[in-house]
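Before any comments, here is the structure.
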Amino acid sequence: MMAFLLTALWGAPMPDQLPRAVTITAIRQDTPVIRSFSFDQNFEFSSGQFVMVWVPGVDEVPMALSSANSITVQNVGDATAAMFRLNIGDTIGLRGPFGNGFSYGERMLAIAGGVGAAPLLPLARSDCIMTFLLGAQTETELLFVDQLDECTDLQIATDDGTLGAQGFVTALLDDLNLGAYDRIAVCGPEAMMRAVLSKVMEVGIERKCEFSLSRYMKCGVGVCGSCCIDPSGFRVCRDGPVFSGDVLVKSEFGHYIRDASGKKKPI
Ligand code: FES
């Protein structure tokens, strides 16, 4: 009865809003804390779009697609820890893809930190990225080095200097001619992305720079309001997760996020 009433009130759910049960076909350990899970169905998607992943009996969480049939997961909480206990042949539920994804250019620069390389890998494989800046704390935490090296001019920075330049990935920007790129795509820890935004603002190119945000999400489809950012009220799930730099300049971006109760947590 409830399903009938909701359908009558809201209309029939769109196909992408219904969970699809998929079977895990492969699990790859990418770094000590990151694994890629491949499944038996392909999703038509744009780089940067995400799916809501239902881990049976635990929770439903947003994850970017790292290919048409895979997600790449960092073990950071209850749901991701439960995912790390899954095996080949297990079933998870996926809704989506949702959100807007990155804009494509012809001469792109990509900047990624940690697991932020996951939504940028499909963009790199589409041959539009000239230069890829990849950062992590240490060599073993660098994600997709071989895959990105195959299709881009890959430049690496590690905090401890175990591979590439020593220091933050943002320092690599100082040696680039940013005018040579028509679009810049960024994904990683928000403090790192805010540092990139500050650098591109110095040369007035924040409009051609796009950032992928991560926020607490309940519904994933623009209804619950749990992922809204201040002060615009844009919903990360529906209006993002990718936002142009000029939209983020005077926002909560890089300053705080909200937890499940809506309480602010400093970045
Ligand atoms: S997660 Fe519900 S509005 Fe974005």
Side-chain angles (χ1 to χ4, degrees), residues 2-3 5-22 37 43-66 71-74 76-83 92-103 115-116 118-120 185-190 193-194 210-267:
M2 181 57 80
L5 284 173
L6 287 173
T7 300
L9 284 169
W10 295 98
M14 300 293 287
D16 59 5
Q17 294 176 15
L18 297 172
R20 280 162 65 176
V22 302
F37 296 79
F43 288 73
E44 207 170 300
F45 79 112
S46 183
S47 302
Q49 284 192 294
F50 67 94
V51 287
M52 293 297 287
V53 182
W54 174 61
V55 186
V58 184
D59 202 357
E60 191 185 38
V61 288
M63 299 276 175
L65 286 158
S66 50
I71 51 175
T72 298
V73 180
Q74 183 168 14
V76 289
D78 292 345
T80 51
M83 280 211 69
I92 53 176
L94 300 183
R95 291 189 291 131
F98 297 131
N100 55 358
F102 289 101
S103 306
V115 76
L120 293 171
V186 191
C187 189
E190 198 154 310
M193 293 199 292
R194 185 77 207 192
E210 290 184 329
F211 301 83
S212 178
L213 269 62
S214 173
R215 287 293 181 273
Y216 178 76
M217 290 185 189
K218 284 182 188 161
C219 71
V221 293
V223 174
C224 72
S226 65
C227 66
C228 291
I229 54 173
D230 296 331
S232 62
F234 285 136
R235 300 157 300 178
V236 171
C237 68
R238 194 79 171 189
D239 305 307
V242 175
F243 292 93
S244 172
D246 57 310
V247 171
L248 298 172
V249 170
K250 291 182 180 167
S251 78
E252 68 178 50
F253 176 66
H255 301 297
Y256 61 85
I257 59 173
R258 291 180 188 274
D259 64 17
S261 69
K263 197 173 157 206
K264 290 180 187 176
K265 283 172 38 180
I267 295 286

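Just follow the structure's listing: the first ligand is 1, and inside any ligand the first atom is 1.
- Contacts of K218 with ligand 1, taken as heavy-atom pairs under 4.0 Å, involve the backbone alone.
- Looking at V221 against ligand 1, nothing comes within 4.0 Å, counting heavy atoms.
- Backbone or side-chain N, O or S atoms of C219 reach atom 2 (Fe) of ligand 1 at under 2.8 Å.
- The shortest side-chain heavy-atom distance between F50 and C237 falls under the 4.5 Å cut-off.
- Surrounding CG of D230 are more than 12 heavy atoms belonging to other residues, nucleotides or ligands, all under 6.0 Å away.
- Counting backbone and side-chain atoms alike, C224 contributes an N/O/S atom closer than 2.8 Å to atom 2 (Fe) of ligand 1.
- With respect to atom 1 (S) of ligand 1, the closest heavy atom belonging to the protein is G220 N, 3.2 Å.
- Two residues are said to be in side-chain contact when any heavy atoms from C-beta on lie closer than 4.5 Å; R215 and I257 meet this criterion.
- Close approach of ligand 1 to G222 is summarised as follows: ligand atoms under 4.0 Å from at least one heavy atom of the residue are 3 (S).
- If you number the atoms of ligand 1 from 1 as listed, the ones under 4.0 Å from a heavy atom of V223 come out as 3 (S).
- Residues M193 and L248 are not in side-chain contact: their nearest non-hydrogen atoms beyond the backbone lie 4.5 Å or more apart.
- Between E252 and K264 no salt bridge is recorded (no basic side-chain N to carboxylate O distance below 4.0 Å).
- In summary, the atoms of ligand 1 found under 4.0 Å from a heavy atom of M217, numbered by their order in the structure, are 1 (S).
- When distances to atom 4 (Fe) of ligand 1 are checked against a cut-off of 2.8 Å, C228 contributes no N, O or S atom below that limit.
- Contact check for Y216 versus D259: no side-chain heavy atoms found under the 4.5 Å cut-off.
- Looking only at protein heavy atoms, the nearest one to atom 3 (S) of ligand 1 is G225 N, 3.2 Å.
- Of all protein heavy atoms, the one lying nearest to atom 4 (Fe) of ligand 1 is C227 SG, 2.3 Å.
- Interface of C237 with ligand 1, defined as ligand atoms under 4.0 Å from a residue heavy atom, comprises 1 (S), 3 (S), 4 (Fe).
- Side-chain contact between I229 and F253 is absent, with no heavy atoms from C-beta onward closer than 4.5 Å.
- Using a 4.5 Å heavy-atom cutoff, the side chains of F211 and F243 are not in contact.
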